[in-house]
Each structure stands twice: as C-alpha cells, then as structure tokens.
Amino acid sequence: MTIDDQLRAALTQLAGVDRLLVALDFDGVVSPIVERAEDARPLPATAAAVVRLAALPETWTAYVSGRALTSLLKVASPDDRTLLIGSHGAEVRLGAEEHPVALDPDQRDALADLHRTFTEVSTQAPGTWVEEKPAGRVLHTRQADRDDAAAAVAAARRQLTGRGDIFLKDGKEVLEGSVVHATKGEGLAFLRQVTEAEAVLFAGDDVTDEDGFRALESGDVGIKVGPGETAAGFRVESPQDVAEVVGLLAELRADLGAQRRPDTDGAST
Ligand SMILES: O=P(O)(O)OC[C@H]1O[C@H](O[C@H]2O[C@H](CO)[C@@H](O)[C@H](O)[C@H]2O)[C@H](O)[C@@H](O)[C@@H]1O
C-alpha cells in the first residue's frame, strides 16, 4: 500500500504531539482474521512497530480488544508496556495493575442464562462454538454452514431480546452477549485520561470499534480497516496496511524525537 498524502500528513502531525497514545484493536487490525480465534497472532511488522513506539518517550501503546484479557494476552503476547483493554472495555490491564470484572449476583445469574442459551443453540448448529469471557459469551459461526449460522444467531437473539441485563453485540461471524455494559469508547476515554495523551490514534475493523471512533476528539486520528460504514476519518484495506501505518508513525516520531534531543554540545538540533 502507498500511504496517501492526507493520512501521511495526519500521521506527521500526530508524531509531533507531546504525549501520544497509539491504540489498536486486535482481531482484524493487528492480527488478520482467521478461522479459529485461538490461532490469531499479530503481524510481526505491527508487533515490532508497537514495541518501537512503546520505547519512545511520552508515547503509550494499547490494544483495545473485545477479547477477554486472558485470551488477548495469550494470542497477542504484548510487550509489558502495552496497555490492555479487554472485553470491549470491561477489563483493563495497565502494566502490573489489573482491573478484572467483578460481577454481582444478578449479573452472575444473567451470565448463567446467557451461557445456557448460547450452548443450547450451538449444540443444534454444527460448526458453531461458544467462547467464554468473564462477563460474557460469544457464539462463533465462522466455521458453520451459512444457513446454520444465520439460524443459530436468529435463535439466540430471539431468546435474549428484551433482557435488559444482557447486552448483545454483532461482530464478524459472531454474536456476543455481555452482562456488563462496556464499550471501546469508554475504554479509549479511560486510556486517554490515565496517559494524559494530547492525541490518540485508534484503528479498528469491526462494528464495535465504531464506539471507539466516536470517542475520538479533534487532533486524533481514526483509521477504519476494511469495508463498511464508519465514523473514522481514514480508511485502509487490511492489517498489512496497518503494519505500514504504525511503522511509519514509529519512524516519524523517532525522527522528531531525535531532532528535539540536544546534540553533543548541548544545543538542540
Ligand atoms: O476487538 P477485537 O480485538 O477485534 O476482538 C473482537 C472479537 O475477536 C475474536 O473474534 C474474531 O476474530 C476471530 C479470529 O480471527 C474470528 O475467528 C472470529 O470470527 C471474529 O469474530 C474473538 O474471538 C472475540 O472474542 C472478540 O470479541
């Protein structure tokens, strides 16, 4: 991909801010989408660029994911400095500091109902499976026959619609249910607050990432990966393009930092 002039200009501006947060969705952005969720891995070029960014002064990196933190840690193997938002904003890990989800008894009951509904539906639909998260469940349909997948999602929706204590989200070949209301927009706002970032880059590919794009402010850069309606200001086609974008941002910020550093005579170059 050639990074177009507008995106290059936005990245150049972003590279020059005092405090920068680079937040990336994981599946479909850092990792290509794959058949089996447990097989997802970061593209090496993106992972390397994230590490380079995290090592720069006044620069924070984050993965903002719908995955449970345990799953994100397993597939992403993030650098210790990379901040993590899991379960679409319900879980947070800032280095050694972890904020797990705490469910009250009503939420635990709702989670048990959600689990029962998704597993019963999945049993009837070959190729589907249920992923477990601390505050939710995911009905995966990527490996199912298209008609079976649609029927399974419709059946699960029918049984859960109207439950005020279970929040449903559509994703890529998944239906997610959570007993905690959380969004990536809230996750990003929290990260902006703790890092005191002057500007944020956020890249995402899925409908749930739109909450993140809508939480962006003037001076931030939102990048939608792939097709679909979006509130993001920029679009690239694939995770491979994301690797180029994040690589360029790391290069630009490192160069600007080097220019700002005093030379050996003590004067700024
Ligand atoms: O917010 P993300 O980091 O993008 O996570 C969203 C969901 O990603 C995973 O499912 C998706 O990726 C799988 C692997 O490529 C794919 O098989 C599945 O069809 C996708 O929907 C993950 O399993 C979910 O828990 C995340 O919520």
Side-chain angles (χ1 to χ4, degrees), residues 22-43 46-47 50 61-78 82-93 101 111 114-115 118 122 125 127-146 148-150 152-153 156 167-188 191 202-215 222-228 230 232 236 238-240 242 246:
V22 179
L24 305 172
D25 167 46
F26 186 74
D27 292 277
V29 171
V30 173
S31 162
I33 293 288
V34 292
E35 284 290 297
R36 292 151 34 105
E38 65 272 28
D39 293 339
R41 291 293 178 276
L43 285 179
T46 307
V50 168
T61 56
Y63 289 153
V64 178
S65 178
R67 284 180 183 259
L69 276 186
T70 47
S71 159
L72 183 61
L73 283 163
K74 209 182 259 180
V75 295
S77 304
T82 294
L83 312 174
L84 302 177
I85 297 284
S87 294
H88 296 284
E91 295 180 278
V92 177
R93 198 185 82 144
V101 184
L111 185 60
L114 174 62
H115 180 84
F118 275 11
S122 178
T128 66
W129 63 281
V130 178
E131 178 184 352
E132 300 192 8
K133 301 187 186 184
R137 295 292 182 267
V138 186
L139 178 62
H140 281 261
T141 60
R142 185 169 294 279
Q143 295 165 73
D145 164 271
R146 294 301 77 200
D148 289 346
V153 168
F167 307 98
L168 296 176
K169 289 181 198 289
D170 288 306
K172 289 190 165 170
E173 311 296 345
V174 291
L175 177 67
E176 294 210 32
S178 176
V179 298
V180 170
H181 188 271
T183 70
K184 290 193 178 184
E186 291 160 3
L188 271 182
L191 291 178
F202 176 59
D205 70 314
D206 212 341
V207 277
T208 56
D209 298 315
E210 293 301 314
D211 291 318
F213 294 132
R214 283 190 290 270
I223 304 176
K224 165 82 175 178
V225 183
T230 187
V236 299
S238 67
Q240 286 75 12
V242 173
V246 182

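Order of listing sets the numbers, starting from 1, for every ligand and every atom in it.
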Starting from [atom], what is the nearest protein heavy atom, named by residue and atom, and what distance separates them?
atom: atom 15 (O) of ligand 1; answer: V34 N, 2.7 Å
atom: atom 3 (O) of ligand 1; answer: S65 OG, 2.7 Å
atom: atom 19 (O) of ligand 1; answer: R142 NE, 2.7 Å
atom: atom 20 (C) of ligand 1; answer: K172 O, 3.3 Å
atom: atom 10 (O) of ligand 1; answer: H140 CE1, 3.8 Å
atom: atom 8 (O) of ligand 1; answer: D27 OD2, 3.0 Å

Hey, does the side chain of [X] reach the backbone of [Y] with a donor-acceptor pair shorter than 3.5 angstrom?
X: E186; Y: G89; answer: no
X: K133; Y: G66; answer: yes
X: T128; Y: S122; answer: yes
X: K224; Y: D205; answer: yes

Near [X], which atoms of ligand 1 are under 4.0 Å from a heavy atom of that residue?
X: K133; value: 24 (C), 25 (O), 26 (C), 27 (O)
X: F26; value: 3 (O)
X: A37; value: 14 (C), 23 (O)
X: E176; value: 26 (C), 27 (O)
X: H88; value: 27 (O)
X: K184; value: 1 (O), 2 (P)

**Item:** For atom 25 (O) of ligand 1, the option (of E131, R67, K169) bearing the nearest heavy atom
**Value:**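 Result: the heavy atom closest to atom 25 (O) of ligand 1 is in E131.
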**Proximal candidate to atom 2 (P) of ligand 1 [heavy atom criterion; set L175, D205, V138, D25]** =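 When every heavy atom of L175, D205, V138, D25 is considered, D25 comes closest to atom 2 (P) of ligand 1.
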**Message:** Ring-plane angle category for H181 and F167, please: parallel below 30°, perpendicular beyond 60°, tilted otherwise.
**Reply:**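 Perpendicular, since the angle between the ring planes exceeds 60°.
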**Reported OG1-to-NZ distance for the pair T208 and K172, which is rounded to 0.5 angstrom** =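 Taking OG1 in T208 and NZ in K172, the distance rounds to 9.5 Å.
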**Prompt:** Can you tell me how far CD1 of I85 sits from OH of Y63, rounded to the nearest 0.5 angstrom?
**Reply:**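 If we round to the nearest 0.5 Å, Y63:OH and I85:CD1 are 14.5 Å apart.
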**Prompt:** Does K184 come within less than 4.0 Å of D209, counting only side-chain N to carboxylate O?
**Reply:**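 Yes, charged N to carboxylate O under 4.0 Å.
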**Note: E131-R137 ion pair, threshold 4.0 Å (strictly below)** =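 Looking at R137 together with E131, the answer is no, because their closest N to O distance does not fall below 4.0 Å.
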**Prompt:** So, do R142 and I33 sit near enough that their side-chain heavy atoms are less than 4.5 Å apart?
**Reply:**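 Side chain of R142 against side chain of I33, heavy atoms only: contact under 4.5 Å found.
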**Asked** Is ligand 1 under 4.0 Å from a heavy atom in the side chain of E35, in the backbone, in both, or in neither?
**Response**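 Looking at E35 and ligand 1, just backbone atoms fall under 4.0 Å.
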**Request:** Mind checking whether V174 contacts ligand 1 via backbone (N, CA, C, O), side chain (CB onward), both or neither, at a 4.0 Å heavy-atom cut-off?
**Result:**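 Under 4.0 Å from ligand 1, V174 contributes side-chain atoms alone.
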